[in-house]
Amino acid sequence: MTERYAVVVVGGGTAGLSAALVLGRARHRTLVVDAGEPRNAPAAHMQGYLSRDGMQPAEFLATGREEIARYGVELVRDRVVEVEKGDDFAVVLAGGRTVRARRLVVATGLKDELPAVPGVAERFGRDVLHCPFCHGWEVRDQPFGVLASSPASVHQALIVSQWSKDVRFFLHTVAEEELSDQDLRRLAAAGVDVVPGEVAELVVEDDRLTGVRLAGGAPFGGGTTHARSVLFVGPRPVPQTGLLERLGAELHETPFGAYPVVDPTGLTTVPGVWAAGNAIGFAEQVVHAASGGYRAAAAIVGDLLMTDLDAAVQA
């Protein structure tokens with residue numbers, strides 16, 4: 001027989017585990033389906049989460065899994081490949097299992113598509129970073145580089161100047177004339193040096209970033225190398241919204257991709273389907289994801305209760 005749950009949570013990162021914790025404590029039979037691909041896996045630590053500052057992401061998630069298990073929440077390492085909506089939801093897993101759920105929480109997050117510069121992917125989460133609020137304190141006062149991916153990267157170059165006064169903004173594939181006069185004035189006021197020219201590669205010595213090398217323009221087959229020990233990049237966020245799209249959820253376009261339209265609790269335009277964490281936006285940090293999962297779960301508890309009470313009244 002097909003197993004039935006009150007709620008299936010798709011995604012076992014912070015948002016999904018937070019939702020599962022609240023649902024388990026509310027005595028709802030809950031299943032978390034987790035593919036084991038958290039966005040912050042490359043990072044050695046997470047910061048800015050009160051009482052958990054500096055904790056390893058893997059340790060944080062392991063603790064969360066232990067906590068939900070105390071309340072009878074089940075977790076399976078698998079991937080949801082399809083959901084069929086009827087009176088409830090038929091959730092099909094890659095491993096061949098099908099379960100049914102009255103409500104869904106989609107916490108599938110997003111993936112970071114990194115610039116195709118040799119060395120960037122290999123160093124990401126170590127000395128190639130994207131969020132100064134996550135890692136700025138740990139690398140403060142070091143020589144920073146910022147790799148432009150669009151004129152909007154000016155904002156990142158300005159923000160990171162809060163953590164170092166030695167910042168070079170590598171325009172890479174962005175032409176200097178694409179920057180506005182206001183951009184250039186702000187960069188100058190912040191003490192950020194603008195470096196035109198395409199970046200060819202990162203220089204790594206003894207497993208440490210030591211420089212950013214430009215393409216061409218120098219003898220011996222290489223370009224000018226700028227000594228840098230930290231490089232900030234702006235990955236292209238790729239929201240993992242395929243499941244929501246197949247369910248017919250309305251999306252809205254943002255500069256960081258298309259995300260589902262949700263109400264303040266995370267309810268999408270599909271009845272019975274909530275979303276939380278990076279599934280609803282690029283800027284959801286771990287602390288936001290935990291809060292979003294909590295809100296979604298609390299809303300689901302009330303929704304299920306009122307649905308059952310109304311059915312009993314009408315019977």
Side-chain angles (χ1 to χ4, degrees), residues 40 42-48 53-54 112-237 256 282-283 285:
N40 62 357
H45 50 81
M46 63 182 207
Q47 312 292 157
D53 189 61
D112 291 305
E113 190 174 276
L114 296 168
V117 172
V120 165
E122 294 81 359
R123 308 299 304 177
F124 189 57
R126 300 167 69 186
D127 36 32
V128 173
L129 309 168
H130 81 285
C131 174
F133 294 99
C134 304
H135 301 286
W137 174 266
E138 285 66 39
V139 296
R140 63 193 183 279
D141 298 327
Q142 296 184 39
F144 286 4
V146 178
L147 182 68
S149 54
S150 76
S153 298
V154 168
H155 178 75
Q156 187 178 37
L158 294 172
I159 287 291
V160 303
S161 69
Q162 176 68 29
W163 285 269
S164 174
K165 296 308 176 188
D166 182 1
V167 181
R168 294 182 188 174
F169 183 39
F170 297 97
L171 294 183
H172 191 40
T173 56
V174 176
E176 191 167 1
E177 52 267 27
E178 294 182 65
L179 306 186
S180 69
D181 289 341
Q182 179 77 327
D183 289 337
L184 294 171
R185 284 194 293 268
R186 283 176 169 171
L187 290 165
V192 176
D193 294 329
V194 177
V195 181
E198 188 170 351
V199 171
E201 62 180 352
L202 305 188
V203 180
V204 177
E205 299 174 2
D206 297 325
D207 199 29
R208 291 186 307 107
L209 175 67
T210 60
V212 175
R213 181 171 293 143
L214 301 184
F220 312 114
T224 304
T225 297
H226 294 256
R228 302 287 94 182
S229 57
V230 178
L231 181 69
F232 283 89
V233 301
R236 186 178 80 88
F256 305 103
F282 167 74
Q285 302 283 14

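We count residues from 1, following the sequence as given. Worth knowing before you read on, the calculation uses all heavy atoms, side chains too, and leaves out hydrogens, waters and symmetry mates.
- Applying the ring pair (Phe, Tyr, Trp, His ring centres under 6.0 Å) rule to His135 yields the partners His45; only residues at least two apart in sequence or on another chain are considered.
- The nearest pair of heavy atoms linking Arg213 to Gly223 is CG-O, 3.8 Å.
- In terms of modelled atom types and a separation under 3.5 Å, the side chain of Glu178 and the main chain of Ala175 share a donor-acceptor contact.
- A donor-acceptor contact shorter than 3.5 Å links the side chain of Gln156 to the backbone of Val233.
- Taken from CG in Leu179 to CG in Leu187, the straight-line distance is 7.0 Å, to the nearest 0.5 Å.
- For the pair Arg228 and Asp127, the salt-bridge criterion is not met [side-chain N within less than 4.0 Å of a carboxylate O].
- We find the SG-CE distance between Cys131 and Met46 to be 13.0 Å, quoted to the nearest 0.5 Å.
- Side-chain N or O atoms of Glu122 include one that pairs as donor or acceptor with a backbone N or O of Gly119 at under 3.5 Å.
- We find the CH2-CG distance between Trp163 and Asp141 to be 12.0 Å, quoted to the nearest 0.5 Å.
- In this structure, the side chain to side chain contact (heavy atoms under 4.5 Å, CB included) partners of Asp207, at least two apart in sequence or on a different chain, are Arg123, Arg126.
- Counting all heavy atoms, side chain and backbone alike, Gly234 lies closest to Ser149 at O-OG, 3.8 Å.
- Residues Pro115 and Leu147 form a side-chain contact, since some pair of their non-hydrogen atoms from C-beta on lies under 4.5 Å apart.
- Annotation for Leu171 and Ala148: closest pair O-CB, 3.6 Å, computed over non-hydrogen atoms.
- Not counting sequence neighbours, the partners of Phe232 by the ring pair (Phe, Tyr, Trp, His ring centres under 6.0 Å) test are Phe144.
- Taking all atoms of both residues into account, the shortest heavy-atom contact from Ser161 to Val192 is CB-CG2, 4.2 Å.
- No more than 12 heavy atoms of other residues, nucleotides or ligands shown are found within 6.0 angstrom of CZ on Arg186.
- Closest approach of Val203 and Leu209 over heavy atoms only: O-CD1, 3.5 Å.
- The OG1 atom of Thr225 sits 7.5 Å away from atom CG of Leu214, with the distance rounded to the nearest 0.5 Å.
- Atom CD of Gln47 is separated from atom CD of Gln285 by 11.0 Å, given to the nearest 0.5 angstrom.
- Between the CD atom in Gln142 and the CZ atom in Arg140 there is a gap of 9.0 Å [rounded to 0.5 Å].
- Minimum interatomic distance between Leu129 and Phe124 (heavy atoms only, all atoms of both residues): C-CE1, 4.4 Å.
- Panel note: side chain Asp53, backbone Gly48; a donor-acceptor pair is recorded below 3.5 Å.
- Counting only distance, with no hydrogens or angles, the side chain of His226 and the backbone of Val212 share no donor-acceptor pair below 3.5 Å.
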